[in-house]
Amino acid sequence: MAECYYSNVSRSGNISPFVKEVAELIVGESTGIDAIKKIAIWISKNTHHEKKAGFYQTPETTLLRLTGNCCSLTDLFFHMCDALNLMENHTFYYVHVGTLKFRERHFFAIIDNFLVDVGLKYPWENAAFYNRTILNITPYPILPIPREY
């Protein structure tokens with residue numbers, strides 16, 4: 001993995017009760033990695049990815065709109081997992097890949113050794129980003145780029 005850079009980063013992690021409520025409905029009685037997968041698949045099937053540079057919103061806003069850029073969708077995914085304490089036995093990382101130019105960069109997640117891109121139809125089957133330049137990897141809740149909601 002690439003070196004982690006922590007300069008000028010913002011933090012996420014303030015969980016909305018609404019985000020927690022929806023996450024509970026999604027996972028039902030599932031636990032562990034099965035619950036994490038259910039959340040990833042639900043987001044990939046029920047939200048829309050919008051390519052909008054420099055635009056960020058809270059996970060609750062992403063959930064209400066069912067639309068967000070790749071960083072907003074990944075943040076929603078992490079908040080849902082965090083709300084249900086699914087991170088206890090797993091490592092969660094934000095990954096920023098590509099170049100610094102808009103439309104040539106992308107955010108997704110690494111959970112343990114899995115690439116998870118909730119902006120794709122099959123979030124657990126994607127490994128296409130290994131050949132791209134990794135600009136930043138940060139552990140949740142440290143965001144890979146500075147931002148405010």
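None of the values given here were measured: they were computed from a predicted structure. All values below were derived from every heavy atom in this structure, side-chain atoms included, with hydrogens, water molecules and symmetry-related copies excluded.
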### Summary
Exactly one candidate in Phe114, Phe77, Phe108 meets ring-ring contact (aromatic ring centres under 6.0 Å, His included) with Trp124; the answer is Phe114
### Spatial distance of atom CG (Asp112) from atom OH (Tyr93) [nearest 0.5 Å]
9.5 Å
## Note on the structure
Residue set satisfying salt bridge (Lys or Arg N to Asp or Glu O under 4.0 Å) with Glu50, at least two apart, ordered chain then number -> Arg65
### Message
Contact between Ser44 and Leu120 at the side-chain level, heavy atoms closer than 4.5 Å - yes or no?
### Response
no
### Query
Is the closest side-chain heavy-atom distance between His79 and Leu63 below 4.5 Å?
no
### Message
Would Leu84 and Ile39 count as a side-chain contact (heavy atoms from CB on, under 4.5 Å) here? Give the steps.
### Response
CA-CA 11 Å; Leu84 303 180; Ile39 292 169; 4.2 Å; yes
### Query
To the nearest 0.5 Å, how far apart are CG in Asn14 and OG1 in Thr58?
10.5 Å
### Message
When you compare the side chains of Asp75 and Ser72, does any donor N or O come within less than 3.5 Å of an acceptor on the partner?
### Response
no
#### Entry: Contact summary for Met87 and Phe78, nearest pair of heavy atoms
CE-O, 3.4 Å
### Residue pair Gln57 / Thr62: nearest heavy atoms and the distance that separates them
NE2-OG1, 2.9 Å
### Message
Rounded at 0.5 Å granularity, tell me how far CD1 in Ile43 sits from NE2 in His49.
### Response
13.0 Å
### Query
How about Lys20: does its NZ atom have over 12 heavy atoms from other parts shown lying under 6.0 Å from it?
no
### Query
At their closest point, which heavy atom of Leu76 faces which heavy atom of Pro59, and how far apart are they?
CD1-O, 3.6 Å
### Query
Roughly how far, to the nearest 0.5 Å, is CD1 of Ile36 from OG1 of Thr31?
9.5 Å
### Message
Just so I know, are the side chains of Ile110 and Leu115 near enough to count as touching, which here means a heavy-atom distance under 4.5 Å?
### Response
yes
### Message
According to ring-ring contact (aromatic ring centres under 6.0 Å, His included), who are the partners of Phe107, at least two apart in sequence or on a separate chain?
### Response
His96
### Query
Can you list the steps and then say if Val118 with Thr47 is a side-chain contact (heavy atoms from CB on, under 4.5 Å)?
CA-CA 9 Å; Val118 294; Thr47 63; over 6 Å; no
### Message
Minimum heavy-atom separation for Lys38 and Ile26, please, with both atom names.
### Response
O-CG2, 3.7 Å
### Query
Is it true that atom CG of Asp34 has more than 12 heavy atoms of other residues, nucleotides or ligands lying nearer than 6.0 Å?
yes
### Message
Over 60° means perpendicular and under 30° means parallel, so tell me whether Tyr140 and Tyr94 are parallel, tilted or perpendicular.
### Response
tilted
### Task
Any pair with a residue in residues 79-97 that passes salt bridge (charged side-chain N to carboxylate O under 4.0 Å, His left out), sequence neighbours left out, goes on the list, sorted by first then second residue, please.
none
### Pairwise side-chain contact, Cys71 with Tyr56, heavy-atom cut-off 4.5 Å (strictly under)
yes
